[in-house]
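Just so it is clear: chains get the letters A, B, ... in the order the sequence lines come, proteins before strands, and each one is counted from 1. These values consider heavy atoms only, across backbone and side chains, with no hydrogens, waters or symmetry-generated copies. Keep in mind the model is a prediction, meaning the values are calculated, not measured.
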Amino acid sequence: MINITLPDGSVKQYNQGVTALDVARDISEGLARNVLAAKVNGEVWDATRPLTEDVQLQLLTWRDAEGKSAMWHSSAHLMAEAIELLYPGVKFGIGPDVENGFYYDIDFVDHDISDKDFGKIEKKFLELAREKQTFDRKEVSKKDALAYFTEKDDEYKLELINDLEDGEITFYESGYFTDLCRGPHIPNTSPIKAVKLLKVAGAYWRGDETRKQLTRIYGITFPKKKELDEYLELLEEAKKRDHRKLGKELDLFTFSQKVGLGLPLWLPKGAQLRERLEQYLKKVQNEAGYEPVITPHIGNVELYKTSGHYQKYGEESFKPIKTPVEGEEFFLKPMNCPHHCEIYNSRPHSYKELPIRYAEFGTVYRYEQSGELHGLTRVRGFTQDDAHIFCTPDQIKDEFNGVIDIINQIFKALDFKDVIIQISLRDPDNKDKYIGSDENWEKAESAIIDVADERGLNAVIEYGEAAFYGPKMDFIVKDALGRKWQLGTIQVDYNLPERFDLTYIGPDNEKHRPVMIHRAPFGSMERFVAVLIEHCAGNFPLWLTPDQFIVLPISEKYQEYAEKVLHLLKKYEIRGLIDDRSEKTGRKIRDAELKKIPFMLIVGEKEEAEGTVSVRKHQHGDMGTFEIEQFANMINEEVEQMTFAK
RNA sequence: GCCAACAUAGCUCAGUUGGCCAGAGCAGCUGAUUUGUAAUCAGCCGGUCGGGGGUUCGAAUCCCUCUGUUGGCUCCA
């Protein structure tokens, strides 16, 4: 007999060889039907795998993330089975579960596949699911495993098996399909009631662009058709928030083939919005002791040879510009730091001056691969809210903390709540990819980790994500469709000070090396605005929105009064416009609602006589009649509150 | 850059298996209307059907190619 401890602390006794599914059945049939997998001593197992000793057991269902994983992973197998039946001879790469569903990388050999084939695959998929196929785990020797896939002529699986140790190889058999797989899987396919294949994409085998590109098919499954419908509806809703769509609708930005791809053009309303963000940050930075600097858009090739960027990125940059007579070469600047180093170097510095903080909204240009360009989030020309802090090694922590304060303040003012904080460190197995000494790297990495610990930040550590010159802390936010974008970043850099031979005179009258901190709270204005648009679905906070109100005169008779209202509100520094078209009020309201203007001020006979406005709030409706001053105070209070959100 | 799909008026989209001068709604312009909380009416303007090549008696429609967009992959100082 063995003891099974359940999450509520109760202990039950069973015969050796009992399965999690048996335990579930013992509790209730309903539970047994819903069990997808089991957590055994903290490790996720098949619910059908025999338990041979005393264990802590947790049954996993659709409600648990691990339960979903097991089902989606099993769905990947099922899709592979369907595809193998429909397209004999295809070869399989890997097929894991992902955040929302699963994918399988497949070499279709000589079959052509596109999303037009999805319907056929989905149909076969559901047929197979209804067969209640079980997933049978088999431990296989390396020799047998190799033999099986040699027979199948699947070089991808063979490569995977060759990387595994004998004794740790398992196969799963389901229906007609056998796959190399660690598991775990759901007991059988009956919970999979609804499937949707979502997209086809090319994916390099093992993420290596020098290797063959396989066809990746993404899909998602649900235990109920209704849940699938809800998910698809959610995707539709998300599309409405897409910054590319809203940017067009709200006249914020555009692109022109003639100007060039990846080069955004800011329209008046978008430029206004962006300028407000910049002014806000300038004010915050001014209070935090930053000094503005301005540098040109190009820099001599020598500058980037000194910085090391030339060696690393020279080949994948826009080609240099040459002066016609001297033949001197200049790069469009891909970052501002080398310029700022030269500003620092323009005269000697005393330790008493440090830290020095140079800030610049610097526009930079980077050659990005054409397939990667995406709205405002991935462009070839963009403006960083950049600053470089030059400080002594023992000032790093304070400075780092100061930057985090600024980032927190901004994210709070804009109501960004779901921010992922990532500490990006060097890949310890691939140190040649980075410049600088081990000692400096270790110092910088531990400084960042210490600050995160001290502030109790819930940060994730990622190895191999560091910049080539130093480790960093990134602030990552998701867009409407759940894609992750890096916004703010703080980077410690011991390398550029070396390369530019930056120094300060210490109290000992000797030269010392300062440390540089690169930081950009927004990251880039383009990307930040894009994420902001999606975050608030185009309903910008009052302090940022291009037009705060629109006056809607009932008829031309009240045009003069409308102008008076506009004029008065201007005096309170509230911005707006008048809809003077010869349209009905209902129409003007509809258009203003669609333009997402926060307040509509309706004025007619009554308002003119009383010197008031009738206020309608966007998405809320009629708020009643206000004195003009009263309305102005309401707006200004709201603006004040948001800007100074702590 | 790679894989796949897509590209028709400023915007959103119709255009069946190639067949009369390519259509609609919105926007724009002109006029009428003088309007009270999400669309007043009428007329007009607007397209070398992304560019180029080809097949055909005939191409928005079929083929090739280039460009761009979208979704991924790879990359991201």
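The side chain of A/R483 contributes an N or O atom lying less than 4.0 Å from OP1 or OP2 of B/rG72. When the side-chain nitrogen and oxygen atoms of A/K212 are compared with OP1 and OP2 of B/rC3, none of them lie within a distance under 4.0 Å. At the phosphate of B/rC73, OP1 or OP2 sits under 4.0 Å from a side-chain N or O atom of A/Y218. Within the structure, a side-chain polar atom (N or O) of A/R244 is placed less than 4.0 Å from OP1 or OP2 of B/rU70.
Summarising the geometry, the separation between CD on A/Q384 and C1' on B/rC76 is reported as 12 Å, rounded to the nearest angstrom. The nearest whole Å value for the distance from the CG atom in A/D579 to the P atom in B/rA27 is 12 Å. Between the OH atom of A/Y561 and the P atom of B/rU35 there is a distance of 18 Å, rounded to whole Å. Rounded to whole Å, atom C1' of B/rU35 lies 17 Å from atom CZ of A/R590. We find that CD1 of A/I554 is positioned 4 Å from C1' of B/rG36, with the value rounded to whole Å. Taking atom NZ of residue A/K245 and atom C1' of nucleotide B/rG10, one finds them 16 Å apart after rounding to whole Å. Note: CD (A/E583) to C1' (B/rC29) measures 14 Å, nearest angstrom. In this structure, A/K248 atom NZ and B/rU69 atom C1' are separated by 10 Å, rounded to whole Å.
Nearest to the side-chain atoms of A/S370 among the listed nucleotides B/rA77, B/rG1, B/rU34 stands B/rG1. Considering only side-chain atoms of A/R587, the nucleotide from B/rU34, B/rA27, B/rG71 that sits closest is B/rA27. Picking from B/rU37, B/rG1, B/rA5 the nucleotide with the shortest atom distance to the side chain of A/I602 gives B/rU37.
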Name each donor-acceptor pair under 3.5 Å that joins a side chain in residues 599-610 of chain A to protein atoms two or more places apart or in another chain, with its distance.
{"unit_1": "A/E607", "atom_1": "OE1", "unit_2": "A/G604", "atom_2": "N", "d": "2.9"}
{"unit_1": "A/E610", "atom_1": "OE1", "unit_2": "A/T612", "atom_2": "OG1", "d": "3.4"}

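Residue A/K588 is classed as having no contact, given no heavy-atom separation below 4.0 Å to the nucleic acid. Residue contacts for A/G371: at a heavy-atom cut-off of 4.0 Å it reaches a base atom on one of the strands shown. As judged by a 4.0 angstrom heavy-atom cut-off over every strand, A/E605 is placed among the base-contacting residues. Residue-level contact check: A/S307 touches neither bases nor backbone, having no heavy atom under 4.0 Å from any strand. Residue contacts shown for A/K312 are absent, as no nucleic acid heavy atom lies under 4.0 Å away. A/S582 comes within contact range of at least one nucleobase, with a heavy-atom separation under 4.0 Å. A/E607 comes within 4.0 angstrom of a nucleotide base, judged by non-hydrogen atoms across all strands. Base contact: A/A201 has a heavy atom under 4.0 Å from a base atom. Counting non-hydrogen atoms under 4.0 angstrom, A/T585 reaches the backbone sugars and phosphates but no base.
A salt bridge links A/K478 to A/E99: one of the charged nitrogens lies within less than 4.0 Å of a carboxylate oxygen.
A donor-acceptor contact under 3.5 Å is formed by the side chain of A/R378 with the base of B/rC76. Contact of A/R216 with B/rA4 (side chain to base): no donor-acceptor pair of N or O atoms is detected under 3.5 Å. Within 3.5 Å, no donor on the side chain of A/Y204 pairs with an acceptor on the base of B/rG72, nor the reverse. Within 3.5 Å, no donor on the side chain of A/E368 pairs with an acceptor on the base of B/rC76, nor the reverse.
Comparing A/G604 and A/H374 by the nucleotide of RNA chain B whose heavy atom lies nearest to each, the residue mapping closer to the 5' end is A/G604. Position along RNA chain B of the nearest nucleotide to A/Y469 versus A/L214 favours A/L214 as the more 5'-ward residue.
Of the P atoms belonging to B/rU17 and B/rA60, the separation is 16 Å, rounded to the nearest Å. For the C1' atom pair drawn from B/rC29 and B/rC75, the interatomic distance equals 49 Å after rounding to whole Å. B/rU65 and B/rG58 have their P atoms separated by 23 Å, given to the nearest Å. Across B/rG47 and B/rC66, the matching P atoms stand 30 Å from one another, rounded to whole Å. A distance of about 35 Å separates the P atoms of B/rU67 and B/rA24, rounded to the whole Å. The gap from the C1' atom of B/rC20 to that of B/rA27 amounts to 31 Å, rounded to the nearest Å. Comparing B/rG18 with B/rA22, their C1' atoms sit 14 Å apart, to the nearest whole Å. Nucleotides B/rU30 and B/rU37 are separated by 29 Å at their C1' atoms, to the nearest Å.
For A/Y87 and A/F108, the gap between ring centers is short of 6.0 Å. Checked against the 6.0 Å centroid threshold, A/W485 and A/H374 count as a close aromatic pair. For an aromatic pair to be called close, the ring centres must be under 6.0 Å apart, and A/Y104 with A/F92 satisfies this.
A distance cut-off of 5.5 Å between ring centres, combined with a plane angle under 30°, places A/Y313 in a stacking arrangement with the base of B/rA77.
Annotation: side chain to side chain contact (heavy atoms under 4.5 Å, CB included) contacts of A/Q369 (sequence neighbours excluded): none. By the ring pair (Phe, Tyr, Trp, His ring centres under 6.0 Å) test, A/Y463 pairs with no residue at all, sequence neighbours left out.
The closest donor-acceptor contact from the side chain of A/D117 to the backbone of A/S114 lies under 3.5 Å. Under the 3.5 Å distance criterion, the side-chain polar atoms of A/D622 are matched with a main-chain donor or acceptor of A/G624.
For the side-chain hydrogen bond (donor to acceptor under 3.5 Å, both in side chains) with A/E534, the lone residue among A/K245, A/H243, A/K240, A/R244 that qualifies is A/H243. Looking at A/R616, A/K588, A/Q619 one by one, the single match for side-chain hydrogen bond (donor to acceptor under 3.5 Å, both in side chains) with A/E593 turns out to be A/R616. With respect to A/D105, the salt bridge (Lys or Arg N to Asp or Glu O under 4.0 Å) criterion is satisfied by exactly one of A/K91, A/R216, A/K157: A/R216.
Listed in residue order, the members of residues 421-431 of chain A having a heavy atom less than 4.0 Å from RNA chain B come to none. Remark: A/Q257, A/L261 in residues 251-262 of chain A come within less than 4.0 Å of RNA chain B through at least one heavy atom.
Taking the six-membered ring where tryptophan is involved, the planes of A/Y365 and A/H297 are tilted, since the angle between them lies from 30° to 60°. Ring geometry for A/Y231 versus A/F222: interplanar angle of 30 to 60°, hence tilted. In this structure, A/F390 and A/Y344 have parallel ring planes: the angle between them is below the 30° cut-off, well short of the 60° mark. Ring geometry for A/F522 versus A/F528: interplanar angle of 30 to 60°, hence tilted.
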Fill in the blank from the handout: Read 5' to 3' with Watson-Crick or G-U pairs under 3.5 Å, [ ] for crossing pairs and | for partners on another strand, RNA chain B gives (((((((..((((.....[...)))).(((((.......))))).....(((((..]....))))))))))))....
